[in-house]
Number of protein chains: 2
Amino acid sequence: MTAGERRADVLRAAVAEFAKTGYQGTSTEDVARVAGISQPYLFKMWPTKKALFISLVEHGFERVRQAFVEATGEATGDEALDRMGEAYGELLRDRDELLLQMQSYAACDDPEIGAVTRREFGRLWRQVARLSGLDDERLQQFFAMGMLMNVVASMDATNHPSQWVKACVPPAWLAPPTWDG
Amino acid sequence: MTAGERRADVLRAAVAEFAKTGYQGTSTEDVARVAGISQPYLFKMWPTKKALFISLVEHGFERVRQAFVEATGEATGDEALDRMGEAYGELLRDRDELLLQMQSYAACDDPEIGAVTRREFGRLWRQVARLSGLDDERLQQFFAMGMLMNVVASMDATNHPSQWVKACVPPAWLAPPTWDG
DNA sequence: CAAGGTAGTGAGTCATCACTCACCATGTGC
DNA sequence: GCACATGGTGAGTGATGACTCACTACCTTG
């Protein structure tokens, strides 16, 4: 297998592990085992655990930006924002991406991780601003709802239903287009 | 010093440490050193590191609920929600409380921590519902804004100003009543 | 002052973890 | 058929971390 393919495999495995247990709580041995390679080889691909984590964070934000571009299409304004919101809801189905985002916020005390996370968040903000053309107040509401979705995903609320979950989580988050529920 | 006083001291020290580096990233030695006690004594007060973390989480959510009751006073409806939002903004000044909340969301993969976090989040939701008497949609917007504030606090955005921070963070978050700026 | 409870610690133990070193196997160009 | 890059690992190492054990100093009560 080529190094490029391996790298992609490892990234997929790593995002799942780091999403669950966070930067500090995930061991490089775990990642290597799930990826099906030896742990020393992990360190041939990334010089440190932190470098691996950071490339996951960058990759994750990049995917969100890309999903927003694709979802928006030719739309602008509130229409564009609605479509991006829907696209974000679909990312919820693959919880790992959003969980990893939460883990990167939680790890911001580390200066390098903090710097990358702020930079990526800023890029996402500017892109949504550019795509929608809306004012700061609307953007703020949009991002606020996104952060609530992240938290709900972190708590795995939809798999632990209770009274408040029904109130907090609108059906739209639970029923992306492909469902029939 | 009595055990009760020590316990309060240790909780204060522990919240600062866990807020920074999270459940997995914080060592009991760190907590003990900052609290000014030996590490074995920590284990006489709480049986495990997890038990300490969980009591911090419960304590933190409790404080938010209490702050909301006090802030609301006799108000109801949107007026009540406004006052609670203002109270939450004041909690931002002591970042540690909000960061610890983020750390508890991030640690939800652990079944016990997850259960406690969901329970506390639910209690908070119900309390805001009761105090304000508003419908789910308004509550959702309120909590969404709160989660955005948590994330902004995690990224320490106000101490790393850049273009998007000015747009994302309304002056009200930065200028609680006691400021003069 | 004896007896016992309360507050507190020094010095471990055993597991885990990030990271390294020396090494092997399989092509591929010459 | 050999030099050499590419892809890959077994077996460490030194540090750290959660948790324990055996112990002391001090206070209170009779």
Side-chain angles (χ1 to χ4, degrees), chain A residues 1-57 100 103-104 106-114 116, chain B residues 1-57 100 103-104 106-114 116:
Chain A
M1 195 180 290
T2 73
E5 290 167 332
R6 268 285 187 237
R7 225 182 131 91
D9 273 10
V10 174
L11 282 172
R12 258 191 301 279
V15 74
E17 293 305 296
F18 279 111
K20 269 188 282 188
T21 43
Y23 172 58
Q24 308 256 18
T26 305
S27 72
T28 56
E29 265 182 60
D30 281 347
V31 173
R33 196 183 47 251
V34 172
I37 60 167
S38 70
Q39 190 237 24
Y41 193 41
L42 199 61
F43 284 91
K44 298 235 166 156
M45 298 181 171
W46 289 273
T48 61
K49 176 181 166 180
K50 197 190 284 187
L52 168 59
F53 185 75
I54 285 177
S55 60
L56 288 175
V57 171
L100 188 86
Q103 299 294 358
S104 89
C108 275
D109 180 67
D110 178 280
E112 292 169 65
I113 295 175
V116 168
Chain B
M1 195 180 290
T2 72
E5 290 166 334
R6 267 287 186 236
R7 225 182 131 91
D9 273 11
V10 174
L11 281 172
R12 258 191 301 278
V15 74
E17 293 306 296
F18 279 111
K20 267 188 284 190
T21 43
Y23 172 58
Q24 309 256 20
T26 306
S27 72
T28 56
E29 266 183 57
D30 282 347
V31 173
R33 197 182 47 253
V34 172
I37 60 167
S38 70
Q39 190 238 23
Y41 194 41
L42 199 61
F43 284 91
K44 299 233 165 158
M45 298 180 173
W46 288 273
T48 59
K49 177 180 166 179
K50 197 190 284 186
L52 167 60
F53 185 75
I54 284 177
S55 59
L56 288 175
V57 171
L100 188 85
Q103 299 295 358
S104 89
C108 274
D109 180 67
D110 178 281
E112 293 168 65
I113 295 174
V116 168

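Every chain is numbered from 1, with letters handed out A, B, ... down the list of sequences.
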task = May I ask you to test the F18(A)-K49(A) pair for a side-chain heavy-atom distance under 4.5 Å?
result = yes

query = What is the distance from atom CD of E17(A) to atom CG of L100(A), rounded to the nearest 0.5 Å?
reply = 11.5 Å

Heavy-atom closest pair, residues F43(A) and T48(A) = CE2-CA, 4.2 Å

Test item: T26(A) side-chain N/O and Y23(A) main-chain N/O as donor-acceptor pair under 3.5 Å = no

task = Kindly indicate, with the supporting measurements, whether the criterion side chain to side chain contact (heavy atoms under 4.5 Å, CB included) is fulfilled by T21(A) and D110(B).
result = CA-CA 8 Å; T21(A) 43; D110(B) 178 281; over 6 Å; no

Closest approach of A14(A) to L56(A) (non-hydrogen atoms, all atoms of both residues) = CB-CD1, 3.7 Å

query = What pair of heavy atoms forms the shortest contact from A106(B) to A106(A), and how long is it?
reply = CB-CB, 3.8 Å

ask   = Heavy atoms, side chains only, cut-off 4.5 Å: are V10(B) and W46(B) in contact?
value = yes

ask   = Which pair of heavy atoms, one from R7(A) and one from M45(A), lies closest together, and at what distance?
value = NH1-O, 3.3 Å

task = Check each residue of residues 7-17 of chain A for a non-hydrogen atom within less than 4.0 Å of any atom in DNA chain D, then write out the ones that pass by number, or none.
result = none

request  = Any chance you could list the contact pattern along nucleotides 9-21 of chain D? Use B for base contacts, S for sugar-phosphate-only contacts and - for none, protein heavy atoms under 4.0 Å, 5' to 3'.
outcome  = BBB-----SBBBB

message = Going 5' to 3' along DNA chain C, between which two nucleotides do contacts with chain A fall, using a heavy-atom cut-off of 4.0 Å?
response = dC17(C) to dA22(C)

remark   = Here the pair of heavy atoms bringing A13(A) nearest to V34(A) is CB-CG1, 3.7 Å

